[in-house]
Amino acid sequence: MDCPVEEGQIRQALESFSEVRRLRFDLPARALTVEAPAESWEPVIAAIRKLGFTPEQIAAPPAAEETAKAQRTELVRLIAALGVAVVAEVFHLAFPDTLPWRVAGMAVAAVAIALSGLAVFRKGLSALSRGQLNINALMSVAVIGAFLIGQWPEAAMVMALYSLAELIVARSVERARNAIAGLLALSPAQAEVKQADGSWALTDAKAVSVGAVARVKPGERFALDGKVSAGHGAVDQSPVTGESIPVDKGPGDDVFAGTINQSGSLEFQVTKPASDTVLARTIHAVEEAQGQRAPTQRIVDKFAAVYTPAVFALAVAVAVGFPLLAGWPWLEAVYKALVLLVIACPCALVISTPVTVVSGLAAAAKRGILVKGGVYLEQARKLTVIGVDKTGTLTEGKPKLVAHQVLNGDAAGEPVLRVARSLATRSDHPVSKAVAAGLEGATEEVQHFGAELGKGVHGSIGGYKYILGNHRWLHERGQCSPALEALMKEHEAQGRTLSVLADDSRALVLFAVADTTKETSRHAVAELRAMGVRAVMLTGDNATTAQAIAQQVGIDEVRAGLLPEDKQKVVAELQGAGEQVGMVGDGVNDSPSLAAAQIGFSMGAAGTDTAKEAADVLIMNDDLRKVAETIRLSKKTYAVLWQNIVLALGIKAIFFVLAVFGSATMWMAVFADMGASLLVVFNGLRLLRGVHKAS
């Protein structure tokens, strides 16, 4: 099963089985998943066999080594067939054209055809018996016809060359599929696991249970997902997230299977079984995505369904019409018709689209971009507006102390900062936590600690009373001087949240806390703008903070104070204005807008338990630049798809003219057909290298 025509035949044959709940075809892997009760399995297998296929039940997709071994065996057989076909050609050219030599040559040619074409004949005759036309039917008619009109050496050579070229195409397609499956090899088969007695032992990764403690030494790969429990080190996460710079890891940090520990020994507690690691889920998701056809692929499949019968009818017209109307010799007309049948094979056309799409999906996955289907890979090029959530997408999502200023010259800096840290450490408010984390040094004991809802905290240190409160509380206490008011407004205009340490008589220290922007956000917005894509911030935060962040990253249009349903309405509003809208978010509150957009991008998917269902594209790390990279890859994929379509049809058009009005032979027809197939496959495989930012 290697083309959509054959897929359609199988689908049609199994439609009569009411017990079959679902069929999923993976043409690059030549695999079919059937969801049906066990008792229906034998009739399903029998129906597939009637089509000329030999189904093999598998519990999982065959390993790359098994497929390679089978292909090597087939290659040896086809080379032998090609050698026998050459012998048949020698019989035809070197020996006299007498009956004994002719019979001997025909026998040798028949052996070559049998060695290389039995599977083709089996599927081709089965298709013809049902009145269906596919490449196997076309080749079967062409080879049998050539043999019967006395072109037996050419028939043998054509079948051997065709089957050999088919194998080369299959191996090339396998390369695209293995670009994804090969990621599994990044995850070691064994992990060093801590035993009950405290010793360490190598254990099969599939047998390691959740909660076990494993160890990874410098230079080794993680076999499982987990959370660091001991040690510090730098980890290369590029196989999973596409990050080029190693990430520092310490206790509490997440680690992923397939990533590389570059320095320091790390112990980690396993959080996912081997079958459910981020890497395994990535591979599974991309394999699922391969089953979804891109729009161009569906167009090509529909065209091929009409194209093949049309060319078959043209061949019949040439074989019958030209002798009757133009006086051509019957054998010459039939030969030209057979050449047309070989050229008519739609393989180059139909194989070019899935190979290109799979290569694009694989290239994206290697860069930490998980696209859920070919339709999204192809459609991303059309995006004109990207809606971007603020917190966690443009910003780090964690408030940090970005500035502090001692307000009173009489207050010693170090003692008052220690007082502020002592109060902030006792509070569980995010702003207080940011202040505590941003100040270094020891703390002092706090007496009579308390909190005022919506205002701040208070307590006594060293016999003096202090508060750590917000702007409003300072006003209520009458401690906000005109100079301090002006200073606070200056900070608030930058989107910062303020907290002030004060004693009973005066304000002592001003602390400014903000959710800082990611280093990559400004570059990402600039890349989108350079591509003609407008970025719009959609956030639930207040307008002042939103405008400040937007100014920092270069976004001109801001929609602030939005609830989740409001974000969804904005997306619909932009779509109503004729825009193709993408949405980028990282939280549950972004799900409605992610689902409403033409393409939803989910950020930081590697850090979540499950891939966000609402998103169509998952960015495995938090790098917003991956959105622009997805659009660039989409544009390149679309360009390659149409390059392949033009190449396939252009080459065939040239040889059609040569076949009818020139001197094209069946050899030339095979080279035209399979040469075009190889050309479009190799062109599609170029996408495996990914796409780089245009300079």
Side-chain angles (χ1 to χ4, degrees), residues 2-5 7-8 25-29 135 169-170 172-177 179-180 286-308 345-367 369-384 531 580 582 598-599 616-617 628-654 672-692 694:
D2 52 17
C3 76
V5 176
E7 174 188 327
F25 291 85
D26 183 358
L27 290 181
I135 176 54
V169 170
S172 301
V173 173
E174 195 76 14
R175 180 184 164 197
R177 189 176 75 89
I180 291 297
V286 177
E287 287 178 339
E288 286 281 331
Q290 292 176 20
Q292 300 182 30
R293 291 183 184 162
T296 303
Q297 191 173 348
R298 290 195 292 268
I299 292 170
V300 167
D301 292 347
K302 289 178 181 178
F303 176 78
V306 176
Y307 162 83
T308 306
C345 165
C347 272
L349 191 60
V350 297
I351 201 67
S352 65
T353 46
V355 168
T356 302
V357 170
V358 170
S359 297
L361 292 172
K366 286 181 175 180
R367 297 284 296 156
I369 304 167
L370 185 53
V371 185
K372 288 187 177 180
V375 60
Y376 309 116
L377 177 64
E378 186 176 330
Q379 297 290 60
R381 67 187 173 83
K382 296 181 178 179
L383 295 178
T384 57
M531 298 167 68
Q580 292 287 312
Q598 266 87 3
I599 298 181
D616 308 306
V617 179
E629 187 171 349
T630 303
I631 296 174
R632 284 197 297 271
L633 181 61
S634 173
K635 290 181 177 180
K636 185 172 181 180
T637 300
Y638 187 73
V640 172
L641 280 171
W642 281 100
Q643 285 171 14
N644 284 344
I645 291 170
V646 171
L647 277 172
L649 292 179
I651 291 172
K652 288 186 180 297
I654 292 170
D673 174 59
M674 298 317 299
S677 295
L678 290 171
L679 194 61
V680 298
V681 165
F682 292 147
N683 192 38
L685 289 175
R686 288 192 302 118
L687 285 173
L688 288 175
R689 299 199 299 265
V691 60
H692 302 287

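Since this is a predicted model, take the numbers as computed values, not measurements.
Q598 places none of its side-chain heavy atoms less than 4.5 Å from the side chain of K382. Looking at I369 and E629, their side chains come closer than 4.5 Å, going by heavy atoms from C-beta outward. Within the 4.5 Å cutoff, the side chain of N683 has heavy atoms near those of the V640 side chain.
Of the inter-residue distances, the one linking Q643 atom CD with R686 atom CZ reads 5.5 Å to the nearest 0.5 angstrom. Here CD of E378 is found 6.5 Å from OH of Y638. Values are rounded to the nearest 0.5 Å.
Listed by chain and residue number, T356, L377, L633, L641, L687 satisfy the side chain to side chain contact (heavy atoms under 4.5 Å, CB included) test with T637 (two or more places apart in sequence, or in another chain). Under the side chain to side chain contact (heavy atoms under 4.5 Å, CB included) criterion, I651 pairs with F655, A672, A676, L679, not counting sequence neighbours. For the side chain to side chain donor-acceptor pair (under 3.5 Å) test, no residue two or more places apart in sequence or in another chain qualifies with K635. Listed by chain and residue number, nothing satisfies the side chain to side chain donor-acceptor pair (under 3.5 Å) test with Q580 (two or more places apart in sequence, or in another chain).
Contact between I599 and Y376 at its shortest, heavy atoms only, is CD1-O, 3.6 Å. Between R381 and S634, the shortest heavy-atom contact is N-OG, 2.8 Å.
Judged by distance alone, the side chain of N644 and the main-chain N or O of V680 form a donor-acceptor pair under 3.5 Å.
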